[in-house]
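Quick note: numbers below take in every heavy atom, side chains included, and nothing from hydrogens, waters or symmetry partners. None of these values were measured; they are calculated from a predicted model. As the structure lists them, so they are numbered: ligands from 1, and atoms in each ligand from 1.
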Amino acid sequence: MYWNKEMETLTGDDLDRLQARHLRWTVKQAQKVPFYKKLLNDAGIYADDIRRKEDIVKLPFTTKKDLQSGYPFGFFAVPKKEIVRIHTTSGTTGKPTVVGYTRKDLENWSELIARNMTMVGLTDEDTFQNAVNYGLFTGGLGFHYGAEKVGMTVIPSGTGNTKRQIEMIDDFGVTAMHCTPGYALHLAEVAEQMGTKLESFKTGMFGAEPWSENMRKTLEEKLAVTAYDSYGMSEMYGPGAAFECPEKDGLHFWHDSYLIEIIDPETGESLSPGEKGELVVTPLVKEAMPLIRYRTGDITYIIDDECPCKRGDRIARITGRSDDMLVIRGINIFPSQIEHVLKSLPEVGDQFMVYVDRVNHLDEMTIDTEIKREYFSGELSDLEKIQKKIIHQLRETLNIRTSVNLVEPESLPRFEGKAKRVIDKRGDKI
Ligand code: ADP
Ligand code: ZN
């Protein structure tokens, strides 16, 4: 199902022309921001130099540091009175970035969310529970207004009070939910304890943090939903910039609203489809806060074969952000890879934590992982076997040696928003 079939499936010259026009407009809009005015002047590039979308490579990059230097309102391209809302990033990597929206921006954003939800089969017949934080985090109001635009019955439940959330699902006949994958897992656990099968449920939209294919299997099984991946960031309005279609094979980036590139994070050099690197995004329709070649820090690649649904460019699921990547004795590891290995083992429970430290100048990684209750009550020797198996599997797949502690089910922290599963203590010891 399509919300805006013509735009979603635009191809060839029509798409190229539209993207070039939007890119030119975005550069003009950016010139209203003193930071960009100077940056573009220094580089000797002006909006009229942008004839084709390929001309994007002439433009300079923007980094998170640049945005932070403009805190709070330095990147707004419109007078403050035209800003009708403000959000901030969750500040995973330092001081939060402030983003602003004009009325038109909010309309554009709702349109994208409406496309996503329609793409996975949701309609005005659905009842939608939005179990994310409704504050400054973009996932709350962003999804909320998109779902209302489709005409769904929206339950703005927010996070917390998990038992009540589950009662609402059953009492109100909720068919679709949006939350972080970590919170979805917690909901599943509590639902199990409460003895409900959440029969009305059919669609889960999960995002805001990396999650693995094995996590998808677990969530689909435990919640009896089809689970879709939702990607975005505050700088691109919020969630919904890219979303999985029913093929569940990569996330479509809305090609009329964003231009995407993949670069080598070290050299800044452009990479080809299929090559993994850092995602760079240029939003094409943002009025309040235009951005040029924004370096997301997120690692992925462009999938260039055509999807049966005929929508545009797809990216592979994000494995992590470049600043999330752990380098353990020279080996690059993303927490999502650890999750993938752990979730492939039937004995392993729901949560894990990773601790990295430096002992005698050597990196040491320790993983605390919950074990399912039925395995926990067994003999000590059985537990040792499980522990060895986990260590072995991690070494086989990730090529690293780790220490593993088995802990009781439900003993590790649960996260309602973005999970913080890695504690790296090496920085304290230089
Ligand atoms: P912050 O950068 O402070 O966390 P945001 O709340 O805007 O601010 O979060 C955006 C980031 O969240 C992205 O850059 C990405 O790292 C992560 N993210 C969002 N959705 C996903 C997803 N589906 N898969 C993996 N990572 C995601
Ligand atoms: Zn598709």
Tightest non-hydrogen contact, residues G100 and I83, listed as CA-CG2, 4.2 Å
Can you name the residues that form a ring pair (Phe, Tyr, Trp, His ring centres under 6.0 Å) with Y258, not counting sequence neighbours? F253
For distances below 2.8 Å, what is the count of protein N, O or S atoms around the Zn ion (ligand 2)? 4
Between Y36 and F75, is a ring-ring contact (aromatic ring centres under 6.0 Å, His included) present by the stated rule, with each step listed? CA-CA 9 Å; Y36 278 124; F75 274 78; 5.7 Å; yes
Is a donor on one side and an acceptor on the other found under 3.5 Å between the side chain of R426 and the backbone of R358? no
Taking only non-hydrogen atoms of D229 and a 4.0 Å limit, the atoms of ligand 1 in range are 22 (C), 23 (N)
Any carboxylate oxygen within less than 4.0 angstrom of a Lys/Arg side-chain nitrogen, looking at E244 and R216? yes
On a heavy-atom basis, I'd like to know which of P96, A208, P210 is closest to atom 17 (C) of ligand 1. A208
Pair listing, salt bridge (Lys or Arg N to Asp or Glu O under 4.0 Å) test, anchored in residues 147-169, at least two apart: R164-E167
Could you check whether D105 pairs with R85 (Lys NZ or Arg NE/NH1/NH2 to Asp/Glu carboxylate O, under 4.0 Å)? no
Just jot down the ligand 1 atoms closer than 4.0 angstrom to any heavy atom of T89, in number order. 1 (P), 3 (O), 8 (O)
Heavy-atom pairs closer than 4.0 Å: do any link ligand 1 to the side chain of D298, the backbone, both, or neither? side chain
Purely on distance, is any nitrogen or oxygen of W211 under 3.5 Å from one on ligand 1? no
Judged by non-hydrogen atoms, does R317 sit under 4.0 Å from ligand 1? no
With atoms numbered from 1 as shown, which atoms in ligand 1 lie under 4.0 angstrom from a non-hydrogen atom of K64? 2 (O)
Sole candidate of T226, T175, D126 that passes side-chain hydrogen bond (donor to acceptor under 3.5 Å, both in side chains) when paired with K202: D126
Note: E213-K217 ion pair, threshold 4.0 Å (strictly below): no
Inter- and intrachain pairs under salt bridge (Lys or Arg N to Asp or Glu O under 4.0 Å), touching residues 26-38, at least two apart: K38-D42
Is it the side chain, the backbone, both or neither of R321 that has a heavy atom closer than 4.0 Å to ligand 1? side chain
